[in-house]
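Encoded as structure tokens, the structure appears first; notes follow it.
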Amino acid sequence: MPERTLSSETVFTSKVFSLQSDRVYLPNGLEATIPLIRHPGSVVLLPTPDPGHIVLVRQYRYSIDRWTWELPAGTISPGETPKQAAIRECHEEIEKLPGHIETLGKFYPTPGYCNELMSFFRLTELTEPNHNANRDGDEEIEAEVFSLDEAWQLVRNAEAPDMKTALGLKLL
């Protein structure tokens, strides 16, 4: 914890994140209570079977009560590096393994209340694995290859409404 943290209380813990209430000194010297979501970090995948195409996944998102097309992504597991998480998530979500991984950038999606750092990776030289992946029991995922123009059309039509997908496509 930074030196400016006076106290920290964990209010809720889930398998993906925890919610804390921190009492802190602000840079201006005042004290404040700050609610904060602590997250281990995530990876966002840009699987490109060739330079003009991208693999997106379709899945149901309860928080917005709809099906979306989006870039594959997932939480970094304890003891895992972001690159290892990218390989695992590629296998789990699109049933491919990357031969080459390129880091495109790291971004905080919501730094006002969450410390999650998203690491974006372009994955190329995609091959079929010789064993099945273990998907999360609550995930129903369909992977499909789109041209980059088609992927941008999904963003424009709000069929791919999340910001990580729009940013990821912009990074290509």
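Computed from a predicted structure; not experimentally measured. Every heavy atom of this structure was used, including side-chain atoms; hydrogens, water molecules and symmetry mates were not.
The distance from the OG1 atom of Thr10 to the CD atom of Gln20 is 4.5 Å, given to the nearest 0.5 Å. To the nearest 0.5 Å, the span separating CG on Leu117 from CZ on Phe107 amounts to 9.5 Å. With values rounded to the nearest 0.5 angstrom, Leu36 atom CG is found 8.0 Å from Ser8 atom OG. Rounding to the nearest 0.5 angstrom, the gap separating the CD atom in Glu31 from the CZ atom in Arg23 is 5.0 Å. Put simply, CZ on Arg58 and CG on Leu154 are 11.0 Å apart, with the number rounded to the nearest 0.5 Å. Rounded to the nearest 0.5 Å, atoms NZ (Lys83) and CG (Leu123) are 10.0 Å apart.
In this structure, Ala32 and Leu26 approach most closely via the heavy-atom pair CB-CD1, 3.9 Å. Across Thr13 and Ser18, no two heavy atoms sit closer than the pair OG1-CB, 4.0 Å. Phe17 and His39 get closest at one heavy-atom pair: CB-CD2, 4.3 Å. Considering every non-hydrogen atom in both Pro35 and Thr33, the closest pair reads CD-O, 3.8 Å. The minimum heavy-atom distance linking Glu128 with Glu95 is given by the pair OE1-O, 4.0 Å. For the pair Pro72 and Val55, the tightest heavy-atom approach, listed with the atom from each and the gap, is CD-O, 3.6 Å.
Side-chain atoms of Gln84 come within 3.5 Å of backbone atoms of Thr81 as a donor-acceptor pair (strictly under, hydrogens ignored). No donor-acceptor distance shorter than 3.5 angstrom exists from the side chain of Thr48 to the backbone of Pro51, with no hydrogens or angles considered. Remark: the backbone N or O of Ser77 is paired with a side-chain donor or acceptor of Glu80 at under 3.5 angstrom.
Glu150 pairs by the salt bridge (charged side-chain N to carboxylate O under 4.0 Å, His left out) definition with nothing, not counting sequence neighbours. Shown here are the side chain to side chain contact (heavy atoms under 4.5 Å, CB included) partners of Glu144, two or more places apart in sequence or in another chain: Trp69, Glu142, Phe146. By the side-chain hydrogen bond (donor to acceptor under 3.5 Å, both in side chains) test, Asp65 is found to be paired with Tyr60, residues two or more places apart in sequence or in another chain being considered. In this view, Arg66 satisfies the salt bridge (charged side-chain N to carboxylate O under 4.0 Å, His left out) rule with no residue, not counting sequence neighbours.
Counting heavy atoms from C-beta on, the side chains of Ile87 and Pro98 come closer than 4.5 Å. Two residues are said to be in side-chain contact when any heavy atoms from C-beta on lie closer than 4.5 Å; Arg4 and Pro27 meet this criterion. Taking 4.5 Å as the limit, every side-chain heavy atom of Asn157 sits out of range of all side-chain heavy atoms of Val155. Side-chain atoms of Leu46 and Phe120, non-hydrogen and from C-beta on, do get closer than 4.5 Å to each other. Two residues are said to be in side-chain contact when any heavy atoms from C-beta on lie closer than 4.5 Å; Phe121 and Val43 meet this criterion. Side-chain contact check for Cys90 versus Leu97: every heavy-atom pair is 4.5 Å or farther apart.
Under the 4.5 Å side-chain heavy-atom criterion for grouping Ile, Leu, Val, Met, Phe, Trp and Tyr, Val57 is not connected to Leu169 through any hydrophobic cluster. Tracing side-chain contacts under 4.5 Å through hydrophobic residues (I, L, V, M, F, W, Y), one never reaches Val44 starting from Ile141; they form parts of separate clusters. Placement of Met118 and Leu171 within a single hydrophobic cluster is found when ILVMFWY residues are connected by side-chain heavy-atom separations under 4.5 Å, directly or transitively. By the rule that hydrophobic residues join a cluster once side-chain heavy atoms approach within less than 4.5 Å of another member, Val16 and Val11 end up as members of one cluster. Linking Ile, Leu, Val, Met, Phe, Trp and Tyr residues whenever their side-chain heavy atoms come within less than 4.5 Å places Leu148 and Leu104 in a single cluster.
Defined by atom type and a distance below 3.5 Å, a donor-acceptor pair is missing between the side-chain atoms of Asp22 and Thr5. Donor-acceptor pairing under 3.5 Å is lacking for the side chains of Gln153 and Asp149. For the residue pair Thr68 and Arg61, no side-chain donor N or O sits within less than 3.5 Å of a side-chain acceptor on the partner.
For residues 109-119, the side chain to side chain donor-acceptor pair (under 3.5 Å) pairs, not counting sequence neighbours, are Ser42-Glu116.
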Contacts table for residues 159-166: side-chain donor-acceptor under 3.5 angstrom, sequence neighbours left out:
unit_1 : atom_1 : unit_2 : atom_2 : d
Asp162 : OD1    : Thr165 : OG1    : 2.7
Asp162 : OD2    : Lys164 : NZ     : 2.5
Asp162 : OD2    : Thr165 : OG1    : 3.4
Lys164 : NZ     : Glu70  : OE2    : 2.9
Thr165 : OG1    : Leu71  : N      : 2.9

